[in-house]
Amino acid sequence: MARGEGGGGRQPVVIMRTDYERFGSNRDRAKKDDNRRSDSSSGNNNNADDDMGIYPPPQTSRPLSSQQLSFLRSLPSNDTCVECGRSASTPDWASVTYGIALCLHCAGTHRGLGVHLSFVRSLTMDDWTDDQYLRMVRGGNAKWKEYWDANGQREEAVVDEEIESTDGRKELARDVRFKYESNAARAYREALSVNAKSCRLGYDGGIISTTSPTAALQSGGGHPPSIPVELAQEFPPTREEMYGELARPFATSMMIGSIKGRAALLAWGALGMYGAYGVHRWGHDGAAAGGSGTGTIVSSLPSSVNPTAHSQMGSSTVASGNPYSGYYNLLALGVLVMSAGIPYFLLRLFASKVASMLLDNRQDAFKSARNMLADRIAIGRAKRLKRCDVYYPPVVEGGGGGGPRRAKAGLIFYPGALVDRTAYAPIASRLSEMGVLVAVANLEPWRLITSTKNYPIREEVMHILSDSVLLSDQGTWTVDEWSIGGHSLGGHVAIAAVSNEMSSTVKKVVLWGVSCYPDQTNYPCRRTLRELGDVGVLVINGTNDDIRLSTKVTGMRADRAAARFEGKLPPLSPLSSDDAVASGDSGGRTLHVMIEGGNHSGCAHYGPQTFPVMDGVRTITLEQQQRRTAEATADFLLSGRSKRD
C-alpha cells in the first residue's frame, strides 16, 4: 500500500501487510530461537520457520514528517517527559516499546535498560518505520501513566545493578529499572504490540483500525490492558487413567465392534470348545478301552467321590479304570480356559499398547501459539472456556460498548487426534481477523474422541455454541451462520455430527487434512453428506501430506479410500477450486483446495508429527500454508463476500 509523506513532493512507496499477517507479539520473537532449537533437536526441519511468516521483512524507514511529529506531541501528556515530568523543553526522544516520550537524560536511562526492555529513538533525528510510528500513536504518556498507576504496584524486588545515568540520578534510575522489568510493564508492551499491529496506515497517512473498542490501548483513549492471563498448565492423564478410560474401551470396540472381529472371536471360541471336547473324548475312549465298563460315563474322580459326582450329574458314573483319564479332563478344562484367556490377554496387551501410543504421541503447541493466545485473551479478542477456546472477530468501532456483537460466520472446530487445541491459536486468530468467530473444542485431557457412540455430540456442540456467544467479556454475540469443521480425525467428528444430529442447523462443513470417510465402527453416520443434499463441504489438503491417505488411517488402499470418500461427499463444484471458493458456490457442493507444498501438521503450530506415520516434508513456510488455509476457509464460510465488510 502506498503512503504519501505529509510534506514535500516525494511519494515513497511502502509495501504494507494485511492485518492478519501483521498480528503477533514481541514475546514470540524472543521465543523463536527456542522453538528452532527444540525443532532441530527433534529432527524437524520443517518447523524452523515457525514464526518467520508472522514477521515480514523490515519496512522502509524514513524521518517523521512534520505532521506526524506534531500529532505525536499533541497526544495527552506527551509535552512532558514521562519519567521526570520536565516540561522546560519538548521531549525529543521516545521509547518505541511503550509508545512514550522522553527527555534526553531519561532517554539515556532507558538506553541502559537494553533494547529488549526499551527501544529508544529520536523523534527528530532517527528514521522510523510505519510499525514504530503506529506504536507511538496507539501509546502515549497519559495511557502509560494511567496503566502504571492502576497495575504497577511496587513489589518486593532487589535490583542487583545500579544504573549510572548521565546526571547521576541513581534513585530515579533504580525506579526505572524496577518499573520496566516488572510483569505489569511486560504485559503493557505485549498488549501494545498486538494493538498496534491491528491497525494500518491509509493512503492519506490516517490510521485504519480493526481493533475492538474494548481492546487494550484504544486510539480514542480506552481502557489500559490488564495483565495477560497465564495459561494454566494442563497435565496429561496417567497411564492407568488412559488405559481405563480410553484405551481399553477403544480396544474392546475394535475387537468386537466390527463384523470381522466378532466373526473371529466366534471362530476362536468354537475352535476352543471343539479342542476341549476332543481332549475329553480322547481320555474317555482311553478309559473305555481300559475295561472300565461300557454304557456308563467314565469319571476321572476317585471312587470315594464318585457318589457325589453321580448325584450332581444325574447319570451313571463309575471310577475310571484308566488312572490317566483325569489328566485328560484337566487338559480339556485347560483348553477351555486358554480359549477364553488368550483373547482377554491379547485385549489387555493391545489396550496397553494403545495407551502407550496415545501418551507418547501427544502433540503440544509451540510456545509462540501459547503466547499468541495469551495476548489475544489480554486484549479481549479470545477467551478460554471450559468447553472451548473462542476467538472473536474485531468489533466495528462506533458500535457502542457492551451491546450485541455480530459475526457473519461461526466455526466450531475439532482439533486433530492428540493435538493441543492451543496449537490452532495462530490460524484461528487469522480467521477471526477476517470476520469469523472460531470456537476450538477442548478435548483435554485425552485430546481424542475415539467414538461418537459414547460422546453426546449434539449436546456438546450446542454447549459450545451458546458458551461462545454468551460468555464473552465484550458482550453478547450473534452469529449469522454456524459451521462445523475439524482437522484430521477431528474432521471425522464433524462429519458424524452433521450426518447424525446437526444437518438442520449446520449447512457447511470444513475439513483440513481429511481424505477418507469416517469409520462406521467408531463414527457411525446414519446418512452420508451427499444424501443430505444441501450441505456444502470444503476439503483442504497439502500435496506433501503423507498421513491422510496412509493405510493406517484409511484401513484400505489410497485409491479405494479416495473413491469411497468422494462417493459420500456432495458432488464436486463445476467451478475450479479458487473460483468456487471466491464465488461462494458451496451449497450442496464439495470444494477441494490443494496447497502445493503443504503437509499434515501445517494447519497448526505443532510438530513434527510421526503418528500414525511420519508426516511429509513441508516445502513452503508454515505461515504460507496457514495463510492459504485461512483465506480459503474464510471465503467459503463468508460465501464469497468481503472478509472485512
Side-chain angles (χ1 to χ4, degrees), residues 246 249-263 387-388 410-417 439 441 443 446 448-466 479 481-541 548-549 553-556 560-573 586-592 636-637:
L246 204 67
F250 174 75
T252 302
S253 67
M254 293 295 291
M255 182 172 289
I256 66 176
S258 63
I259 296 177
K260 290 183 179 180
R262 291 194 293 268
R387 288 184 169 87
C388 60
L411 175 63
I412 298 174
F413 192 83
Y414 280 89
L443 303 182
W446 318 113
L448 181 66
I449 298 175
T450 57
S451 175
T452 55
K453 294 178 180 178
N454 302 320
Y455 179 73
I457 192 164
R458 181 177 181 83
E459 290 78 5
E460 288 297 322
V461 169
M462 295 306 295
H463 277 302
I464 292 174
L465 187 151
S466 61
V479 177
E481 183 181 36
W482 280 100
S483 305
I484 296 181
H487 175 214
S488 192
L489 200 61
H492 290 186
V493 177
I495 292 175
V498 176
S499 298
N500 297 329
E501 304 285 352
M502 308 296 297
S503 59
S504 60
T505 305
V506 175
K507 298 301 180 182
K508 291 181 179 180
V509 179
V510 176
L511 305 175
W512 298 347
V514 180
S515 288
C516 63
Y517 214 72
D519 174 25
Q520 294 302 295
T521 301
N522 296 311
Y523 307 95
C525 300
R526 290 195 293 266
R527 293 177 296 173
T528 66
L529 295 180
R530 181 181 288 258
E531 292 171 345
L532 295 176
D534 58 348
V535 175
V537 180
L538 173 67
V539 182
I540 302 179
N541 288 308
R548 61 187 177 91
L549 288 177
V553 175
T554 63
M556 61 186 72
R560 291 184 57 192
R564 181 173 176 268
F565 186 52
E566 294 296 338
K568 295 189 175 184
L569 294 182
L572 293 175
S573 172
S586 58
R589 297 286 186 178
T590 297
L591 311 177
H592 282 277
F636 173 75
L637 296 178

For F413, the ring-ring contact (aromatic ring centres under 6.0 Å, His included) test, sequence neighbours excluded, returns Y424, W512
Smallest separation among heavy atoms of C388 and A439, with atom names: SG-CB, 4.2 Å
According to side-chain contact (heavy atoms from CB on, under 4.5 Å), who are the partners of D519, at least two apart in sequence or on a separate chain? T521, N522
Could you check whether any side-chain N or O of R526 sits under 3.5 Å from a backbone N or O of N500, counting only pairs where one atom can act as donor and the other as acceptor? yes
Is there a side-chain contact between T528 and Y517 in this structure, where contact means two heavy atoms from C-beta onward sitting under 4.5 Å apart? yes
My understanding is that only residues two or more places apart in sequence, or in another chain, count here; which of them pass salt bridge (charged side-chain N to carboxylate O under 4.0 Å, His left out) with E460? R387
Set of side-chain hydrogen bond (donor to acceptor under 3.5 Å, both in side chains) partners for S488, sequence neighbours left out: H600
So do L538 and L591 actually touch side chain to side chain, heavy atoms under 4.5 Å? yes
Residues at least two apart in sequence or cross-chain that pass side-chain hydrogen bond (donor to acceptor under 3.5 Å, both in side chains) with Y414, listed by chain then number, are Y455
Tell me, please, which residues at least two apart from H492 pass side-chain hydrogen bond (donor to acceptor under 3.5 Å, both in side chains). none
Scanning both residues in full, the closest heavy-atom pair of V537 with P570 reads CG2-CD, 3.7 Å
For G491 against L511, the heavy-atom pair lying closest together: O-CD2, 3.6 Å
What distance separates L489 CG from Y523 OH, expressed to the nearest 0.5 Å? 3.5 Å
Side-chain donor/acceptor pairs under 3.5 Å, residues 560-568, sequence neighbours excluded:
from	atom 1	to	atom 2	distance (Å)
E566	OE1	H592	NE2	3.4
E566	OE2	H592	NE2	2.9

Residues in side-chain contact (heavy atoms from CB on, under 4.5 Å) with V479, at least two apart? A407, L437, V469, W482
Is a side-chain donor or acceptor of S503 paired with a backbone partner of S499 at a separation under 3.5 angstrom? no
In terms of heavy-atom contacts, P518 and C525 come closest through CG-SG, 4.5 Å
To the nearest 0.5 Å, how far apart are CD in E501 and OG1 in T452? 9.0 Å
Interatomic spacing from CD1 in I495 to CG in L529 - rounded to 0.5 Å: 5.5 Å
Side-chain donor/acceptor of S483 to backbone N/O of L411, under 3.5 Å: no
So, using side-chain hydrogen bond (donor to acceptor under 3.5 Å, both in side chains) as the criterion, who are the partners of T450 when residues are at least two apart? none
Output for pair (L465 CG, T505 OG1), nearest 0.5 Å, gives 8.5 Å
Rounded distance (nearest 0.5 Å) linking atom CE of M502 with atom NZ of K507: 11.0 Å
Would you call L569 and V539 a side-chain contact if the rule is heavy atoms closer than 4.5 Å? yes
Smallest heavy-atom separation, C516 atom then V514 atom, equals O-CG1, 3.6 Å
side-chain contact (heavy atoms from CB on, under 4.5 Å) for V461 and V506? Distances and angles first, verdict last. CA-CA 11 Å; V461 169; V506 175; 5.9 Å; no
Treating R589 as the side-chain partner and P571 as the backbone partner, does any N or O pair qualify as donor plus acceptor under 3.5 Å? no
When you measure from the side chain of D534 to the backbone N and O of G588, does any donor-acceptor pair fall under 3.5 Å? no
What closest approach, in Å, do I457 and A497 show between heavy atoms, and which atom pair accounts for it? CD1-CB, 3.2 Å
